Amino acid sequence: MLEIDAPRIANKRQAGHFVIVKIGKEGERIPLTISTANAEKGTISIVIQIVGVTSHKVASLEPGDELTDVVGPLGHATHIEKVGTVLCAGGGVGIAPLLPIAEAMKKAGNKVITVLAARSKELIILEEQMRGFSDSLLITTDDGSYGKKGLVTEGMEEIINREKVHQAIVIGPAIMMKYASLLTKKYNIPTVASLNTIMVDGTGMCGACRVSVDGKTKFVCVDGPEFNAHEVDFDELLMRLGAYSEYEKTNYELYLKSLKQ
Amino acid sequence: MNDIATHLKNEREQEWRANLRKQISNKERTSKTRVQMPEQKPEIRNQNSLEVNLGLTEGQAISEAQRCIDCPNPTCITGCPVNINIPKFIKKIEGKDFPGAAHVLKETNALPAVCGRVCPQEVQCELNCFYTQKLKKPAVAIGHLERFVADFERNSGSISVPETEKSKEIKVAVIGSGPGGLAAAGDLARFGYAVTVFEALHEIGGVLKYGIPEFRLPNEIVDAEINILKKMGVQFVTNFVVGKTASIDDLKKEGFKAFFVASGAGLPRFMNIPGENFVGVFSSNEYLTRVNLMGASKEGYDTPVLKGKNVAVIGGGNTAMDSVRTAKRLGAERAMIIYRRSIQEMPARIEEIKHAKEEGIEFMNLNNPVEYFADKHGRVNRMRLQKMDLGEPDSSGRRRPVPIEGSEYDVDVDLVVVSVGVSPNPLIPHAVKGLDVTGWGTIKVDPETMQSNISGLFAGGDIVRGGATVILAMGDGRKAAAGIHKYIQEKVNK
């Protein structure tokens, strides 16, 4: 979790917005969804999971260090409306961007039911904060080390069977969103997914983030990041996310080795 | 216009120029052959990212300057979107006053070293040159001379900063730091405004940085020209997306009195054919941005780019040429241009096509992709092409490509770069309520002043034109600067 001094962004951001950050002159640009912001202090906070060189560098920053570049807030804000009961399902670091959405949905007068899911206990984040905006909250872990043992979909289904859900919001790894949206489709629950794709500029110029939604090519950075989950081609999304996976793996290993020297 | 004609005439009659004209007869001048730009050898340059063109020597530049007969009615200027006093700077070269020549360029052009490299002179000043028009001979190499002068000045170590009027302390915002924004910023600074240029990316220069490769326009040359603007007092703010980080209204509250929107081309176009979202299919914007702006091919940079053995670039414009030549330099064994019309109809500059051919690029004209295929990981591995024939001319005057039924065949590819144009950047049109835009999403402006339907909001370059050139954007920037100057004098200063 990082708190970044960015007064203009803190002032403008709404639930659903993201930023692009770059670390070092030679760094790459990566998109990160904003979790919370403090307009008075002029800060935004983001949660980052260490998966490669850039996330490792960002996560290694110490208080007072500078990020070379931060730009935003980008993308469309979440559409917030009073619909009745909203099911918020967050997986892993996807819980971070879900927090401001749950907050806004709650403030709009909705009943908010939350399912937080992760592989194990230590990957469940922001539980207390999420609880603050939720009428009820359920936790599932793959290994059963915390909450209910099982996948996010099992937790969601339990709630759907318990009460009428008017809308679902799912944020997490693409594979989690795929199965979560298959589930809500089965129950005909309108569902929004927030997509985190590969991006370069993040302002609509390069098209690296393109994804098929209802058979049409959309750009996550300017058309999204949120889409009707039932229309997203998650298999294509997963395929495109893997474009550099081998490179990233080797490069990260080399980087870690270089740190040890 | 009469004022300008009289001004040019008076300048032409100055003693130094009259004397130069007398020194060499027109017969002798016109019998000289056009200079050849020295270049890196094709088989060497397609292995490196250094500039292809090496620049003229002093001797070559002076000899070429002598070809210009200093016409009484110089038609070349009419072909220049930024109205450079072409005969004057060329005669300064002939008189060996290179700093003087640079001064002339910088009176109307904020980026001479850029323009000397990337302007399509053959369809602008050089097309209107007396040699082309009347003598039917190769034009005076105006572009090469412009580059020579700008490079000479930069390398001399004493680069001059254009004079600016006393500060009016009136804030003007320029949105986008590409060629249009930079040209406007230069003129506005000259008029004495406090100019701030807002750039969405982390680097200043827009397409000059992310789009045009180093082998055609080195980034350090762009930076040198940007530094001059900084010395003129222009402020640059990076990582700032107007319409997102702050709205136009926010900036008005912060004291900005006028705005020039030069946010450029945005969304890359695709062909909407099956398989276009497979891994390894890029837009030219993404491919070039990764390599040029993000340093993907350089040691120590974190951004990756997929490499290909068999690379197909779809399109026939300058961006397609830049992409295919980049792919060759990154190690492609086979780098192909796939274009649906014949080579005559290609919009790329003749020089770029020639350079690409010399470097071993394959031109597969009258071919159009209809589908891409991929391996089990989703990486593109094959494309299906359809052969084309040329039919009747279409609205652009070029012969329309017509598909030949049943002519489909497959070609192995592991990287595809789609370079079939861009749509205007949607951020500003979306963010400004009531702004008049065309069906294409471009901003509508008065062609004289470049002002939109919103008072004080001006626009130019690709956000107005949809997709044009560096120099046309710069021309728009200059016009808009004049429009803003007039607007502020009439509306704000009343």
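Letters go in sequence order (proteins before strands), and every chain restarts at 1. Not measured: the values here are computed from a predicted model.
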Quick check: are there more than 12 heavy atoms from other residues, nucleotides or ligands sitting under 6.0 Å from [atom1] of [X]?
X	atom1	value
B:Glu254	CD	yes
A:Lys249	NZ	no
B:His430	NE2	no
A:Tyr179	OH	no

Could you check which of [options] has the highest count of heavy-atom pairs closer than 4.5 Å to chain A?
options	value
B:Leu293, B:Val422, B:Val241, B:Val281	B:Val281
B:Asn425, B:Val279, B:Asn272	B:Val279
B:Ser283, B:Pro304, B:Ser284, B:Ser247	B:Pro304
B:Thr303, B:Thr238, B:Leu267	B:Leu267

Handout entry: Which portion of A:Ile198 sits near chain B, non-hydrogen atoms under 4.5 angstrom
Key =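 For A:Ile198, the side chain is the part near chain B, not the backbone.
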Handout entry: Contact origin within A:Arg29 toward chain B - heavy atom pairs under 4.5 Å
Key =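 Looking at A:Arg29, backbone and side chain both touch chain B.
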Go through the atoms of [X] and report whether side chain, backbone, both or neither lie under 4.5 Å from a heavy atom of chain A.
X	value
B:Glu276	backbone
B:Ala265	backbone
B:Val418	neither
B:Phe278	both
B:Leu306	both
B:Thr289	side chain
B:Ser423	neither

Can you tell which of [options] has the highest number of heavy-atom pairs within less than 4.5 Å of chain B?
options	answer
A:Glu236, A:Met205, A:Arg13	A:Met205
A:Val222, A:Val211, A:Thr203	A:Thr203
A:Cys221, A:Gly52, A:Ala243, A:Gly24	A:Ala243
A:Ile23, A:Val53, A:Ile9, A:Val70	A:Val70

Gap separating the [atom1] atom of [X] from the [atom2] atom of [Y], nearest 0.5 angstrom:
X	Y	atom1	atom2	value
A:Glu26	B:Met294	CD	CE	10.5 Å
B:Tyr301	A:Glu28	OH	CD	13.5 Å
A:Thr217	B:Met271	OG1	CE	13.0 Å
A:His17	B:Lys244	NE2	NZ	5.0 Å
B:Asn285	A:Asp201	CG	CG	8.0 Å
A:Arg210	B:Asn277	CZ	CG	4.5 Å

Exercise for the section: Applying side chain to side chain contact (heavy atoms under 4.5 Å, CB included) between B:Asp302 and each of A:Lys57, A:Glu248, A:Lys22, report the one that passes. Expected result: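 Only one option passes, and that is A:Lys57.
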Exercise for the section: Side-chain contact test, heavy atoms from C-beta onward, threshold under 4.5 Å: evaluate it for A:Lys12 versus B:Thr245 and give yes or no. Expected result: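 Answer no - side chains too far apart.
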I need the minimum non-hydrogen distance between [X] and [Y], along with the two atoms involved.
X	Y	value
B:Pro268	A:Gly204	CD-O, 3.9 Å
B:Arg290	A:Ala208	NH2-CB, 4.4 Å
B:Phe240	A:Val71	N-CG2, 4.1 Å

Problem - Ionic contact status for A:Arg8 with B:Asp250, cut-off 4.0 Å - result: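 No, B:Asp250 and A:Arg8 are not salt-bridged.
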Exercise for the section: Could you please spell out the steps behind the side-chain contact (heavy atoms from CB on, under 4.5 Å) verdict for A:Thr68 and B:His202? Expected result: CA-CA 9 Å; A:Thr68 322; B:His202 57 276; over 6 Å; no
